[in-house]
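Computation of the quantities below employed the complete heavy-atom set of this structure, encompassing side-chain atoms and omitting hydrogens, waters and symmetry-equivalent molecules. Lettering of chains follows the sequences in order, A, B, ..., and the numbering in each one begins at 1.
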Number of protein chains: 2
Amino acid sequence: MSRKPNLKDVAKVAGVSAITVSRVLTDPTKVSDKLRNKVEQAVRETGYIRNHAASALASSRSGVIAVIIPSLSNIVFNEVLQGIYQTARPNNLQVVLGDCHYSPLEEEKLIATLLGQSPEGIILTGAAQTDYARKLLERADIPVVQLMELTDQPIDMNIGFSHFHAGYDMTKHLLQRGYRTPGFIGARMDPRTQQRLAGFRQALADWPQPCQSFVQTTTQPSSARLGGQLLQALIAESAGKCDAVFCCNDDLALGALFEAQKMNLAVPGDIAICGFNDLESSSLVNPSITSVASARFDMGKQAVEMLLAAAGKPRKSIAPIDVGYQIIARRST
Amino acid sequence: MSRKPNLKDVAKVAGVSAITVSRVLTDPTKVSDKLRNKVEQAVRETGYIRNHAASALASSRSGVIAVIIPSLSNIVFNEVLQGIYQTARPNNLQVVLGDCHYSPLEEEKLIATLLGQSPEGIILTGAAQTDYARKLLERADIPVVQLMELTDQPIDMNIGFSHFHAGYDMTKHLLQRGYRTPGFIGARMDPRTQQRLAGFRQALADWPQPCQSFVQTTTQPSSARLGGQLLQALIAESAGKCDAVFCCNDDLALGALFEAQKMNLAVPGDIAICGFNDLESSSLVNPSITSVASARFDMGKQAVEMLLAAAGKPRKSIAPIDVGYQIIARRST
DNA sequence: ACGAAAAATGATTGCGCAACCATTTTGACT
DNA sequence: AGTCAAAATGGTTGCGCAATCATTTTTCGT
């Protein structure tokens with residue numbers, strides 16, 4: 001066999017019809033043991049691999065799910081992806097992944113491209129899709145899961161947690177620990193970061209006594225290095241009065257901590273630091289960093305399970321699933 | 001239009017033939033401005049998205065490349081992936097990604113599955129593929145790139161650097177700085193980690209004076225937490241004589257550093273620490289950690305470019321590409 | 001041992017698109 | 001205006017598979 005073998009070639013080797021080979025590959029229980037063995041051997045012998053395009057075209061089932069994340073470099077989405085991949089594999093689903101770089105327009109283009117794969121379902125991050133993207137998704141008539149945050153107007157299904165409430169609670173935590181002039185540093189300023197900041201502001205507004213607060217943000221991508229820079233900017237802005245920093249994520253928090261050490265600022269003595277996402281390092285550094293934990297792996301897993309459960313059925317509106325979060329108080333506050 | 005529109009539907013709306021619509025989508029220069037505008041509007045109006053399966057079947061071009069990495073949780077592969085995705089997108093290539101969990105058998109199954117997508121090329125991590133996997137890849141007759149490490153017997157193309165030499169050079173660096181009883185801690189113990197360890201041992205063997213050395217390894221997945229545990233094991237094994245630790249990667253190194261701080265060991269005074277991969281944090285912690293930098297993003301980028309360059313042409317054996325590495329000496333040694 | 005039902009197997013057809021070749025239209029030149 | 005080449009457009013067909021329906025074989029009860 002020089003060229004790539006197809007069903008017929010395998011059938012000839014096994015001495016059966018093409019459709020029997022097809023059945024062995026899709027549902028072996030439908031074929032007698034005798035033929036099945038012959039076919040399986042012929043498959044191994046020829047190194048046959050089913051042509052996905054032809055299979056998808058004939059059956060109108062692609063065995064693919066589409067996933068769009070805003071960034072490949074943010075480790076947070078990695079954990080979600082792990083949950084997605086680990087759940088997809090045993091269900092014989094291929095994942096086609098796109099990175100939209102936090103841009104709704106890029107996301108729209110990706111959605112258009114990925115829908116061409118006739119995915120059985122699609123998982124999106126956040127709820128900031130363009131109108132045309134929403135139109136395409138509705139037209140596609142496949143299950144859609146919006147992940148990470150909660151929204152009032154989901155396209156279809158939704159699972160996540162409230163970044164506003166998490167930001168609110170974390171700020172309250174700082175206030176309860178006695179910090180009265182807190183700052184917020186934020187990078188990227190994507191919708192979820194903005195919700196955290198909104199939570200920060202609301203918590204301050206709700207606090208019985210008025211507090212002075214400081215905010216330093218940038219739309220640059222987040223990184224530990226940037227955390228150090230933003231900390232400096234915050235200290236400069238507040239003329240050193242700032243006594244606690246709420247970092248919009250743990251990368252910034254780690255960078256801020258390392259920078260504070262370089263400036264000989266005691267943490268939390270001179271300045272408290274807290275982050276968001278509860279990365280592994282946050283629990284290991286000295287001092288360990290207070291953060292917000294959420295079930296990222298689980299969200300990915302559940303998203304795939306939701307797609308599987310919804311596949312084929314008509315859309316029935318399911319209430320958004322709130323997976324919650326947890327403030328992990330540590331020595332840095 | 002209730003059901004999903006196909007080429008014919010769009011053609012009818014635009015008042016042209018189906019094949020003209022197809023041409024507008026694949027090569028707009030082949031169609032006159034007048035018709036192109038009509039068609040493009042009809043596409044927008046109907047929300048038409050080309051059926052990838054049918055397109056791939058008819059043209060025998062899938063526009064897909066397959067990528068297999070050993071782990072989604074290891075941030076190192078993320079950077080490679082970024083290079084891959086960023087290069088694939090402008091070339092209209094979809095990436096289908098698989099995670100083989102460092103298992104050649106899982107990798108074999110993944111290869112079989114992914115080849116079913118008729119990818120235009122495939123990118124693999126390392127050079128430990130099974131015989132059957134190699135057979136499948138040769139049968140598939142598509143460009144293959146083996147990434148990250150160098151091998152004498154590449155399946156097709158190969159780009160990476162020598163982990164043995166990097167491990168060797170890093171160990172020499174420790175010896176040159178005066179450390180005489182170095183230890184090595186390693187997790188996962190995948191082929192590349194083993195090559196680094198082999199480099200460590202060879203450098204010690206080549207050193208003029210005999211040195212005592214210590215090794216602590218585990219096949220558990222790598223993590224910062226594990227780095228702390230392995231440091232403790234190493235110190236116990238060496239009864240505190242160990243004066244430097246070569247960590248097989250920066251996650252372990254960071255964990256080891258944090259653990260040393262908790263044990264009140266001065267770094268590098270009581271014990272030097274170095275890592276591998278040069279993650280961002282390694283340059284920011286106090287003291288900053290000596291590490292091995294490599295062009296991960298670039299490797300991913302180049303791998304895709306190599307696939308593109310090789311597409312369609314018969315395989316001509318190309319010499320493995322060595323992207324090299326760099327020892328970044330910092331305060332921890 | 002016979003017939004009916006169930007299980008196993010096979011033949012035909014169409015999924016939606018692009019390759020291929022045929023036809024029509026346009027444009028350049030005499 | 002007439003001719004011819006080039007550009008633009010369209011019709012037909014097959015890619016490889018699985019759905020559907022048709023046929024054959026097996027199984028089981030009596």
Please check this pair: side chain of A:S118 against backbone of B:H52, looking for a donor-acceptor N/O pair closer than 3.5 Å.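 Here the side-chain-to-backbone pair does not exist.
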Do any N or O atoms from the side chain of B:R139 and from the backbone of A:T46 form a donor-acceptor pair under 3.5 angstrom? yes
Would you say the side chain of B:D99 lies within less than 4.5 Å of the side chain of B:F77, judging by non-hydrogen atoms?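 A side-chain contact under 4.5 Å is absent here.
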A:V76 vs A:M148 side-chain heavy atoms within contact, under 4.5 Å: yes
Whole angstrom is fine here: how far is it from [atom1] in [X] over to [atom2] in [N]?
X	N	atom1	atom2	value
B:K12	D:dG10	NZ	C1'	16 Å
B:L35	D:dA7	CG	P	17 Å
B:K38	D:dA8	NZ	P	16 Å
B:N51	D:dC17	CG	P	16 Å
B:L7	D:dT9	CG	C1'	15 Å
A:D27	D:dA19	CG	C1'	14 Å

What are the 5'-most and 3'-most nucleotides of DNA chain C lying under 4.0 Å from any heavy atom of chain A?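 Nucleotide range with atoms under 4.0 Å of chain A: C:dA8 to C:dG16.
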Please compare B:S32 and B:A58 by the position of their nearest nucleotide in DNA chain D and report the one closer to 5'.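 By nearest-heavy-atom nucleotide position, the 5'-most residue is B:S32.
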How long is the straight-line distance from [atom2] of [Y] back to [atom1] of [X], given to the nearest 0.5 Å?
X	Y	atom1	atom2	value
A:R134	A:L124	CZ	CG	10.0 Å
B:M157	B:I159	CE	CD1	10.0 Å
B:Q146	B:I68	CD	CD1	11.5 Å

Check A:I69 against A:L81 and note the closest heavy-atom contact, atom names and distance.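 Residues A:I69 and A:L81, closest heavy atoms: CD1-CD1, 3.9 Å.
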Closest heavy-atom pair and its distance - B:P104, B:A128: CB-O, 3.6 Å
Indicate, with a heavy-atom threshold strictly under 4.0 Å, whether A:R61 touches base, sugar-phosphate, or nothing. nothing
Which parts of residues 14-22 of chain B get close to DNA chain D, meaning a heavy atom less than 4.0 angstrom away? B:V16, B:S17, B:I19, B:T20
